[in-house]
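A short write-up of the structure that comes next.
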Amino acid sequence: MKPTHDHTHRAAPRTKTLLAAALAALLLAGTGCSSKANSSGTADDGADGVKSGPGVTDKAIKLGALTDLTGPYATLGKSIVQAQQMWADEVNARGGICDRRVEIVVKDHGYDVQKAVTAYADISADVVALPQVIGSPVMAALLDDLERDKVLTFPQAWAASLLGRDSVQVLGTTYDIDMIAAVDFLTRTKGLAKGDTIGHVYFEGDYGANALEGSQWAAKKAGLKVVGQKIKATDTDLSAQVSALRKEGVKAILISAGPAQTASLVGVAASRGLKVPVVSSAPGYAPQLMKTPAAPALAAMLNVVSSAPAVSSDLAGVRKMVASYQKKYPDSLVDAGVLSGYNAAQLMGADLERACESGSLAREDVVKAHRAQSKVDVGLGTAQNFSDKAQPAATSTYVHKPDAKAVGAVVNVEDAHTSPGVEEYLASRKS
């Protein structure tokens with residue numbers, strides 16, 4: 001999508017150059033034993049009587065991570081990988097899980113679906129579960145394989161289209177619920193009223209489509225109009241989208257994209273006098289943005305909806321995790337990916353422990369152990385319900401705001417709560 005130029009509200013050349021350079025840098029950021037079960041997934045009994053299967057031996061439990069270390073979510077991928085490795089190191093220092101050492105096999109797909117499919121084929125016979133798969137498009141391509149192979153998978157993707165599968169667990173809320181919360185936040189706190197127009201910039205694919213479902217539903221209930229602007233993950237200059245939304249007279253903007261797109265949207269909008277509230281999905285913000293020329297505009301205009309608390313939260317579990325991460329990776333920023341990755345790893349660990357207690361680490365039994373839990377709280381946010389595969393694990397969201405001085409460059413504005421209309425929306429979707 002080629003940008004068009006609004007000559008009456010052109011950003012200063014130097015500002016645009018600096019912003020483009022900063023965004024380019026952001027995009028480029030980030031950098032065992034074989035199973036004794038065969039690739040068909042049959043399970044054997046271990047020496048200790050615990051049934052094993054792919055990814056499990058008497059000495060090791062091997063997990064897989066299909067991540068993005070070189071694409072649009074490189075900063076997120078790096079944080080998640082490091083957080084989950086920190087968890088594995090902590091677990092192994094305590095003796096492992098089921099008296100077995102935990103190993104994580106990391107594959108970088110760069111947000112390229114074909115590379116991800118190839119990476120899954122490479123590791124699928126040798127891992128018991130996947131505590132990390134980044135990307136809604138990637139998950140869409142792998143869904144049938146994951147269900148066939150009975151591999152418990154925690155996507156770093158929150159599209160409602162991922163619900164309904166035994167082996168795939170969306171942690172927290174889905175994108176549509178987050179956008180319902182975003183519209184509620186705008187009407188409650190930013191003065192939006194019936195008849196107003198809001199813009200929604202969103203990635204093509206399941207991520208953006210599901211987010212748009214939520215914003216459109218909530219807007220209709222509130223008497224608002226939504227103007228959508230679909231973009232690609234490779235679009236990093238949102239000048240054309242800002243021009244279009246400005247002409248529509250939007251009073252606020254929602255964005256369901258990546259950090260680079262959020263920075264471009266907010267920075268260009270501010271430079272052109274479109275100083276309206278902007279609300280992003282959690283994947284659209286990273287602390288690195290507060291080191292770009294867009295930082296002042298982000299601080300003034302942006303809020304973020306998320307099912308997880310800010311990493312600057314005073315929750316005891318979050319504070320402990322942050323301290324451990326800063327000690328282990330002193331040169332890395334703490335961001336939402338750290339919390340998301342660590343939370344997923346802890347939940348995976350709990351599932352494996354539960355499966356071990358039941359006498360089997362076979363894939364299908366790990367999935368069964370996971371689905372048996374209806375209220376799980378590892379101290380990193382709100383409790384989650386994994387018993388209904390057709391429904392999100394949680395319905396409550398936090399609202400955050402950028403703050404360059406805070407840990408993770410973000411602070412909580414509102415604590416977790418289920419927005420009005422969410423239960424009605426889920427009921428309507430179920431029917």
Would you please say whether a donor-acceptor pair under 3.5 Å links the side chains of [X] and [Y]?
X: Thr395; Y: Thr418; value: yes
X: Gln169; Y: His370; value: yes
X: Ser332; Y: Gln82; value: yes
X: Thr397; Y: Asp178; value: no
X: Thr197; Y: Glu248; value: no
X: Asp108; Y: Thr70; value: yes

>> Given Asp176, which partner from the list Trp217, Trp158, Tyr425 fulfils the side chain to side chain donor-acceptor pair (under 3.5 Å) test?
In response: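 Considering Trp217, Trp158, Tyr425, a side chain to side chain donor-acceptor pair (under 3.5 Å) with Asp176 is found only for Tyr425.
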> What pairs with Pro137 under side chain to side chain contact (heavy atoms under 4.5 Å, CB included), at least two apart in sequence or on another chain?
Replying inline: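 Applying side chain to side chain contact (heavy atoms under 4.5 Å, CB included) to Pro137 gives Tyr111, Val113.
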>> Counting only heavy atoms not in Asp99 (residues, nucleotides, ligands), do more than 12 fall under 6.0 Å from its CG?
In response: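 Counting other residues, nucleotides and ligands, CG of Asp99 stays at 12 neighbours or fewer.
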> Any chance NZ of Lys328 has more than 12 other-residue heavy atoms, nucleotides or ligands included, within less than 6.0 Å?
Replying inline: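 Result for NZ/Lys328: enclosed.
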> What residue pairs, at least two apart or across chains, pass salt bridge (Lys or Arg N to Asp or Glu O under 4.0 Å) with a residue in residues 389-414?
Replying inline: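 Qualifying pairs, neighbours excluded: Asp166-Lys389, Arg188-Glu414.
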> Is the closest side-chain heavy-atom distance between Val226 and Lys220 below 4.5 Å?
Replying inline: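 Not touching, per the 4.5 Å side-chain cut-off.
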>> So, using salt bridge (charged side-chain N to carboxylate O under 4.0 Å, His left out) as the criterion, who are the partners of Glu424 when residues are at least two apart?
In response: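 Lys221.
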>> Which residue in the set Phe203, Tyr207, Tyr202 passes ring-ring contact (aromatic ring centres under 6.0 Å, His included) when paired with Tyr175?
In response: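 With Tyr175 as partner, Phe203, Tyr207, Tyr202 yield a single ring-ring contact (aromatic ring centres under 6.0 Å, His included), made by Tyr207.
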> Can a salt bridge be assigned to the pair Arg165 and Asp144 using a cut-off of 4.0 Å between side-chain N and carboxylate O?
Replying inline: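 Looking at Asp144 together with Arg165, the answer is yes, because their closest N to O distance falls below 4.0 Å.
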> Does the pair Arg371/Asp388 count as a salt bridge with the N-to-O cut at 4.0 Å?
Replying inline: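 No.
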